[in-house]
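For reference, the structure is listed below as structure tokens.
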Amino acid sequence: MKTITHSPDRIAMDGLSFDAIGEAAELAATYADMAVRFAAVNDARGVNYTLRAATAALLTATQAAELLSRPAARRGGA
């Protein structure tokens, strides 16, 4: 059975990617909370803005997570 050895560069990038995913998800949560507050005061413009921003942040987090789950590109031949 072949053992997979991750390079130090890949491990460092994984850590940075998880940080980026966490930050984007936290930003989405903040915008979602703001949308709730705007809805409570019947501010349609504020609700629309914050929901669009939350959606963009969630999309960013999702795309980063998908990139993280892909296997690393192999170098070399055969």
Side-chain angles (χ1 to χ4, degrees):
M1 188 158 100
K2 197 174 201 182
T3 305
I4 298 173
T5 305
H6 295 286
S7 72
D9 292 337
R10 174 72 181 185
I11 294 169
M13 287 304 295
D14 286 352
L16 292 175
S17 297
F18 280 114
D19 288 345
I21 292 166
E23 287 179 17
E26 186 174 12
L27 185 60
T30 300
Y31 277 118
D33 182 55
M34 289 173 57
V36 170
R37 293 169 192 240
F38 281 123
V41 295
N42 298 326
D43 185 342
R45 185 176 177 199
V47 168
N48 288 326
Y49 173 81
T50 53
L51 287 177
R52 281 193 308 271
T55 301
L58 279 177
L59 180 60
T60 298
T62 301
Q63 290 171 337
E66 288 173 352
L67 286 174
L68 188 62
S69 65
R70 291 183 188 161
R74 302 236 182 230
R75 294 183 186 173

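Excluded from the calculations below are hydrogen atoms, water molecules and symmetry mates; all remaining heavy atoms, backbone and side chain alike, are included. What you see is a predicted model; the values in this text were computed from it and never measured.
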Output side-chain donor-acceptor pairs under 3.5 Å for residues 57-68, partner residues at least two apart or in another chain, one line each.
| residue | atom | partner | partner atom | Å |
| --- | --- | --- | --- | --- |
| T60 | OG1 | A56 | O | 3.0 |
| T62 | OG1 | L58 | O | 2.8 |

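- M34 and L51 fall within the same hydrophobic cluster, where Ile, Leu, Val, Met, Phe, Trp and Tyr residues are linked whenever their side-chain heavy atoms come under 4.5 Å apart, directly or through other members.
- Taking the side chain as every heavy atom from C-beta outward, T50 and F38 approach each other to under 4.5 Å.
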Between side-chain atoms of residues 39-46 and protein atoms elsewhere (two or more places apart, or another chain), which donor-acceptor pairs fall under 3.5 Å?
| residue | atom | partner | partner atom | Å |
| --- | --- | --- | --- | --- |
| D43 | OD1 | R45 | N | 3.3 |
| D43 | OD1 | G46 | N | 2.9 |

